[in-house]
Q: 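Structure incoming, see below.
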Amino acid sequence: MLLSAPEATVFRPVDPKVSFPALEERILQFWKEQRIFEKSIEQRPEDNLFVFYEGPPTANARPGIHHVLSRVFKDLVPRYRTMRGYRVPRKGGWDTHGLPVELEIEKELGLKSKPEIEAYGIAAFNEKCKESVSRYVEEWTRLSERIAFWADYDHPYVTYDNGYIETCWWIFKQLWDAGLVYQDYRSTPHCPRCGTSLSDHEVALGYQDDVPDPSVFVKFRIPGDALADAGYRAAGPLALVAWTTTPWTLPGNVALAVKADAEYGVYELEGEAVILAEALAPKVLGGEPQPAARLRGEQLVGLAYEPLYRPELLGHPVMRFDDDGRLRPLAAGEATDGLRRVIAADYVSLEDGSGIVHIAPAFGGEDFEEGKHYRLLFAQPIDLRGIMAEGLPGAGKFAKQADRDVERDLEERGLLLKKGTIKHTYPFCWRCGTPLLYYAKPSWYLRTTALREQLLAGNERINWYPEHIKHGRFGNWLANNIDWAVSRERYWGTPLPFWRCEACGEAACIGSKAELIERAEDRAAAEALDDLHRPYVDAVTIRCAACGGTARRVPEVADAWFDSGAMPYAQWHFPFEHEAEFRRHFPADFICEAIDQTRGWFYTLHAEATLLKAAGAIPDGIAYKNVICLGHINDEKGNKMSKSRGNTVDPWTVIEKHGADATRWYMYAASPAGMPRRFSAGLVEEGLRRFLLTLWNTYSFFVSYANIDGFRPAGGRVEPAAEIDRWLLSELNALVAKVTAELEEYDPTDAARAIEAFVDDLSNWYVRRSRRRFWRGASEGDADKQSAYETLYAALVTLAKLLAPFTPFVAEELWQNLVRSVDPAAPESVHLAAWPEADASRIDDRLNAETQLIKRLCSLGRAARAKASIKVRQPVAEVVVKLRDAAEAAVVERNRHLVLEELNAKALRLIDDETEVVAYDVKPNLPVLGPKHGQAVGAIRQGLAALDPAEVAAAVRRGRGLAVAGIELEPGDILLQAQDREGYAAAQEAGYTVAVTTAITPELADEGLAREIVRRLQDLRREAGFELADRIRAWVAGDAEVERVVASHAAYISGETLAIELTAGEPPAGAVRAEEDLDGSRTVFGVQRVS
RNA sequence: GGGCCAUUAGCUCAGCUGGUUAGAGCGCAGUCCUGAUAAGACUGAGGUCUCUGGUUCGAGUCCAGAAUGGCCCA
């Protein structure tokens, strides 16, 4: 090999032992200094926008690995779109309001309840909340930058800003005017500790399984002759049996529900009779109880029963639903006798309980609806803290503790038929863990149910990845939509802009600060308002438009999810400012969050857009067109990561060890975006080794040799000289097409895997098989060498571009060193470059398939060699190949040199019949034959043995059966075992046979030894730290055999090792030497650099 | 109770609209190769493709049902 001396170093030398984290730090510095992110936006035309919305995180805790997951997916699409020529602004944002923030501060201040917060002072409390939400902003920004999540954090939107709040007010006003806001008593999930309702999505966060609760069957007495019409008279007491798991709600009981068309039975027990559903009687009473009488549910409807408790007689206020379904307080002294009655309800279950359901409208959703329908009483002798009222069992205790007092009380009064414990799923407060109580109280609602059709129609226009979310989880959620409970009885949030008149009760909605000033009783005070939060806004009263009285703001703040859903408008302070920006940036082309956001941000964005469109306030009814919905990230055992389990992964440790690119690559390549994934640092490392290092080594190889040869890319279209070059360019263009198509479909995973496969081909086939082309001197064919360089160069440069969205750092490194170094006119960064276009004329599917064939044959050849234990360094005389068809012969002929070189063989011969190299042994397939032919197997065995195995084998291989001992055998009845023929070692697969000759002639043995010597010398060169192109003197001292080969193969050995002098004998003192065992004899090797 | 997703080697995952003998990576054992390689090649052990039916000439793939797990909702 003749390597020319380095002429000019074109490319910066590449360290094969690269530290990716250090490399990344350098590139971060470069991006920052050169403002690459800013330029990637500025350089793209303003009228070709691709809109991305950043879902705002709350920066009151450290970011975790799951945030890295969503950020790298969020980052990939904008980078790709930028390279496609779009301008993709990325405004960062912070979500700042809400209960989690308040709870954090409560904990810090040691506050335990709302009265304590109010005693501490709402202003001071909110100030603390405000400080806390930016506590980790720096940490978030630092991590985001480090993983190359490009976003504008210098101008983020912040949900606590007055402007943001004002836009939220504007939205409320639009909906208010459209009749989409209302206040209603509703049964809502209520956290007695936090003192507020929770929205459905919050409730969803806190379900716990296997929660033990009481299971009690309670007797509600009725008169003994109550069933006279049905023909039954009780001798003793008679009672309806109802079942509940919440005894604390029994003081609120105002009705019992039965299923009208179900069968009920009267069962006589010791001294009393009870009524319950026939279907459930065996379960409740045990055995096979026989009813003393039977009746249908409808016959029970209207029966008045004896109340267990009558809070109204204990001085507790009780209300009643009026004809309009509104609650009105009972008049003083108004009698409630006989108002507690049996009603009919469809949902009464005949699978659990007794078939009679206890109804307490104050505490249950369906109960509340029944209350409206039947104009029931409404008794709520438990306050918002969940404390039982005076005079009732468990008075002063928390509801769940009062359960036992209620049970005991009923037991003492003989009203408890049966008690036990069940385990079921029950909701707890997702932040503080307190059991939620369903509690009827007034809340503000957005009438989303009125727009169900629009919500669903809008969803049809959204592309979901993975697709099943669209009609699955998200679609079902929309189809089962209920009105959005949007108020929270809390402090740190967007104040609801509703004012209610103290005099007449009239409510008004204020849609802006200007409107507030306009209507304020004290305009100066309103104008001076520089913080729209509580408590300041609470101080502003307005004049009631209806009666001229004073209206005060309602005490609630908005659900923080409302803020996040307002982001498309509020980030611009629309419509007060930036109207044009809003219009240009709505709706988003792309958003990306994890699957939990189907009920969070995905929903609130969609709901608010739909509501605003219905109110006529915005141009389009969807807020986003494409959405990647990520699966959750679990620990390596598949368990959910959580602080309490202690199995969270700190992203920094992974990034500092393996780098951001490796982490990103893992996220994209390991599993599809929508699937839950198991994360471990080990998997990141695996991707690093398998992919990034392979790429890096190929890059390093190229730069080493290109510098030696002073290669400069010619520019323009590469004209490949060799078939393998044409193949690589074909695969490369196919890759470009594939990656582009996948990214258009928002599927980074298939794209990444395709790149990975290409890099493997590039390194382990193209470079391996082309290596010597890079070594050759100019005299041996400059055109071929140039073609190899151009081809490899083109592949690496294209890879840099394809990888830019995935692994932005290593892509930048390749770009800077391979492109910018030789072309100062090239874009300053790969992230400012144009996305590559696939050249369809380069894609040759047939060539790709043919290369697969050659690789397969080489693989078989290596297997054949291994079988014969002939190492690859030892040349063999001949490789013999049997192909499947004649067309393949031409392919092999064209690639003859590749196969010969790869398999280190002197000759290649194609044969038509593999029986030249293998013989088939024929055996009966006994496990198959046995069941089929039973005792005849013996005869078949003998008959088969008597036949010519070659003929039998030939028949079987053609898929034909044959008759043996008078029995027709099928091909599957006979087993063929190939045996190598004398002098050959063969391997077979799918109709191909590749064999090598096993006889090693003395000449071949000498060549093998020469190659062995070359390898030892090369090792020594490397150990000595010589440069690739250094010339050396070399010595080999061994036995006569070794020295003879050194002499006879001197030219070969010298050429390979760049030795200008090769001596058979001991190396001198100054040489680097090594003693090694060579074919059983001690041999001394020595090398010395020629200066 | 309902919805969605998943189930393929010890682990992580491919397997497209049904089509020869179900693959890869990691890990394990061994052999080999290497002046780009932290790599790579070959071999071995490791699979009733969760199960049961069905459609079909043919099912890991399509259909129905079941089981298990995950997420979500009640």
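Each chain gets a letter, A, B and so on, in the order its sequence line appears, and its residues count up from 1.
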Q: Counting the benzene-type ring for Trp, do Y603(A) and W561(A) have ring centres under 6.0 Å apart?
A: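 Judged by ring-centre distance (under 6.0 Å), Y603(A) and W561(A) do not meet the cut-off.
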
Q: With respect to the side chain of L693(A), which nucleotide from A38(B), A36(B), U34(B) is positioned closest?
A: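 Nearest to the side chain of L693(A) among the choices is A38(B).
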
Q: Nearest to the E686(A) side chain among G3(B), U37(B), G25(B), which nucleotide is it?
A: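 Of all the options, the side chain of E686(A) is nearest to G25(B).
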
Q: I want to know whether F702(A) and F11(A) have ring centres closer than 6.0 Å.
A: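 Yes, the ring of F702(A) comes within the 6.0 Å limit of the ring of F11(A), centre to centre.
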
Q: When you check the gap from the basic side-chain N to the acidic O, do E742(A) and R753(A) get nearer than 4.0 Å?
A: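 A salt bridge is absent here (no side-chain N lies under 4.0 Å from a carboxylate O).
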
Q: Taking 4.0 Å as the cut-off, does a side-chain nitrogen or oxygen of R1011(A) come that near to OP1 or OP2 on U34(B)?
A: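 Affirmative; the distance criterion is met.
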
Q: Round to the nearest Å and state the distance from W665(A) atom CH2 to G25(B) atom P.
A: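 Value for this atom pair: 17 Å.
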
Q: What distance, rounded to whole Å, do you find between the two P atoms, one in A22(B) and one in A59(B)?
A: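 Nearest-Å result for A22(B) against A59(B) at atom P: 14 Å.
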
Q: Which one, A38(B), C5(B), A36(B), comes nearest to the side chain of T698(A)?
A: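 Shortest atom-to-atom distance from the side chain points to A36(B).
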
Q: Quick one: list whatever passes salt bridge (Lys or Arg N to Asp or Glu O under 4.0 Å) with R769(A), sequence neighbours left out.
A: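 Once residues adjacent in sequence are excluded, the partners of R769(A) under the salt bridge (Lys or Arg N to Asp or Glu O under 4.0 Å) criterion are E901(A), E902(A).
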
Q: Let me know the distance between OH of Y666(A) and P of C13(B), rounded to the nearest Å.
A: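 Those two atoms, OH and P, are 7 Å apart.
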
Q: Identify whether any heavy atom of V1087(A) sits under 4.0 Å from a base atom; if not, whether one sits that close to sugar-phosphate; answer base, sugar-phosphate or nothing.
A: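 Contact class for V1087(A): none.
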
Q: When the C1' atoms of A66(B) and G44(B) are considered, how many whole Å apart are they?
A: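 One C1' to the other, the span is 38 Å.
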
Q: Hey, which sits more toward the 5' end of RNA chain B by its nearest nucleotide, N480(A) or S19(A)?
A: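 Going by which nucleotide is closer to the 5' end, it is S19(A).
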
Q: With a 4.0 Å cutoff (strictly under), does any side-chain N or O of R690(A) reach OP1 or OP2 of A39(B)?
A: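 Checking A39(B) against R690(A), no side-chain N or O comes under 4.0 Å of OP1 or OP2.
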
Q: If I take atom CZ in residue R473(A) and atom C1' in nucleotide A74(B), what distance separates them, rounded to the nearest angstrom?
A: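 Atom CZ in R473(A) sits about 14 Å away from atom C1' in A74(B).
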
Q: Specify whether Y705(A) and F774(A) have parallel, tilted or perpendicular ring planes, treating 30° as the upper limit for parallel and 60° as the lower limit for perpendicular.
A: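 Tilted.
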
Q: To the side chain of R771(A), which of U37(B), C71(B), C5(B) is closest?
A: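 Of U37(B), C71(B), C5(B), U37(B) is nearest to the side chain of R771(A).
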
Q: If you only use heavy atoms from C-beta on, which nucleotide in A36(B), A39(B), C4(B) is closest to the side chain of H468(A)?
A: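 Nearest to the side-chain atoms of H468(A), counting from C-beta on, is C4(B).
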
Q: Looking just at side-chain N and O atoms, do Y666(A) and E685(A) make a donor-acceptor pair shorter than 3.5 Å?
A: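 Note: Y666(A) and E685(A) side chains miss the donor-acceptor criterion.
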
Q: Could you give the CE-to-P distance, from M675(A) to C72(B), as a whole number of Å?
A: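 In whole Å, C72(B) P and M675(A) CE are 17 Å from each other.
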
Q: For Y699(A) and A36(B), is the shortest distance between a side-chain N/O and OP1 or OP2 below 4.0 Å?
A: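 Looking at the OP1 and OP2 atoms of A36(B), neither is under 4.0 Å from any side-chain N or O of Y699(A).
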
Q: Charged N to carboxylate O below 4.0 Å: is that the case for K855(A) and D761(A)?
A: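 A salt bridge is present here (some side-chain N lies under 4.0 Å from a carboxylate O).
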
Q: Quick one, D367(A) with Y438(A), criterion side-chain contact (heavy atoms from CB on, under 4.5 Å). Give me CA distance, side-chain angles, the key distance, then yes/no.
A: CA-CA 11 Å; D367(A) 306 41; Y438(A) 282 85; over 6 Å; no

Q: Let me know the distance between NE2 of H471(A) and P of G2(B), rounded to the nearest Å.
A: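 Distance check: H471(A) NE2 to G2(B) P gives 22 Å.
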
Q: Can you tell me how far C1' in C63(B) sits from the matching atom in G69(B), rounded to whole Å?
A: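 So the two C1' atoms sit 23 Å from each other.
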
Q: Using a strict cut-off of less than 4.0 Å between a Lys/Arg side-chain nitrogen and an Asp/Glu carboxylate oxygen, indicate whether E1012(A) and R1016(A) qualify as a salt bridge.
A: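 Between R1016(A) and E1012(A) there is a salt bridge, with a charged N closer than 4.0 Å to a carboxylate O.
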
Q: Can you tell me, in whole Å, how much space there is between the C1' of C28(B) and that of A45(B)?
A: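 About 9 Å, rounded to a whole number of Å.
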
Q: Would you measure the distance from the P atom in C62(B) across to the matching atom in U8(B) and give it in whole Å?
A: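 Straight-line distance between the two P atoms is 16 Å.
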
Q: State which of C4(B), A41(B), A36(B) makes the closest approach to the side chain of R862(A).
A: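 Nucleotide nearest to R862(A)'s side chain: A41(B).
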
Q: Counting heavy atoms from C-beta on, name the nucleotide in U12(B), U34(B), G25(B) closest to the side chain of L683(A).
A: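 Minimum distance to the L683(A) side chain belongs to U12(B).
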
Q: Should stems be defined as at least three consecutive Watson-Crick or G-U pairs with both distances under 3.5 angstrom, which of them involve RNA chain B?
A: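 So far as stems of 3 or more pairs are concerned, RNA chain B shows B:1-7 with B:67-73, B:10-13 with B:23-26, B:28-32 with B:40-44, B:50-54 with B:62-66.
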
Q: Taking the same atom, P, in A6(B) and in U17(B), what whole-Å distance lies between them?
A: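 Looking at atom P only, A6(B) and U17(B) are 13 Å apart.
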
Q: How many whole angstroms separate atom CG of L692(A) from atom P of A36(B)?
A: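 Rounded to the whole Å, the gap is 21 Å.
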
Q: Answer yes or no: does a side-chain N or O of R1015(A) lie under 4.0 Å from OP1 or OP2 of C33(B)?
A: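 Indeed not, no polar side-chain atom of R1015(A) lies that close.
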
Q: Rounded to the Å, how far apart are L860(A) CG and C42(B) P?
A: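 The answer, rounded to whole Å, is 9 Å.
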
Q: Once hydrogens and angles are ignored, does a donor-acceptor distance under 3.5 Å link the base of A36(B) to the side chain of S763(A)?
A: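 Check passes, donor-acceptor contact within cut-off.
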
Q: If we take the C1' atom in both A41(B) and A24(B), what is their distance in whole Å?
A: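 Roughly 15 Å separates the two C1' atoms.
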
Q: For I469(A) and K17(A), take the nucleotide of RNA chain B holding the closest heavy atom to each; which residue's nucleotide lies nearer the 5' end?
A: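 It is I469(A) whose nearest nucleotide is closer to the 5' end.
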
Q: Over all strands shown, is R689(A) touching base, sugar-phosphate only, or nothing at heavy-atom distances under 4.0 angstrom?
A: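 Sugar-phosphate contact only - R689(A) comes under 4.0 Å of backbone atoms but never of a base.
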
Q: Roughly how many Å is it from CG in L688(A) to P in U12(B), rounded to a whole number?
A: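 Distance, rounded to whole Å: 21 Å.
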
Q: Distance criterion of 3.5 Å, no angle test: do you see the side chain of R768(A) paired donor-to-acceptor with the base of U37(B)?
A: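 No, no donor-acceptor pair under 3.5 Å.
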
Q: With a 6.0 Å cut-off on ring centres, are W464(A) and F602(A) close enough?
A: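 Yes; F602(A) has its ring centre under 6.0 Å from that of W464(A).
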
Q: Determine the Euclidean distance between corresponding P atoms of A9(B) and U48(B); express it in Å to zero decimal places.
A: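 Taking atom P in both U48(B) and A9(B), they lie 8 Å apart.
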
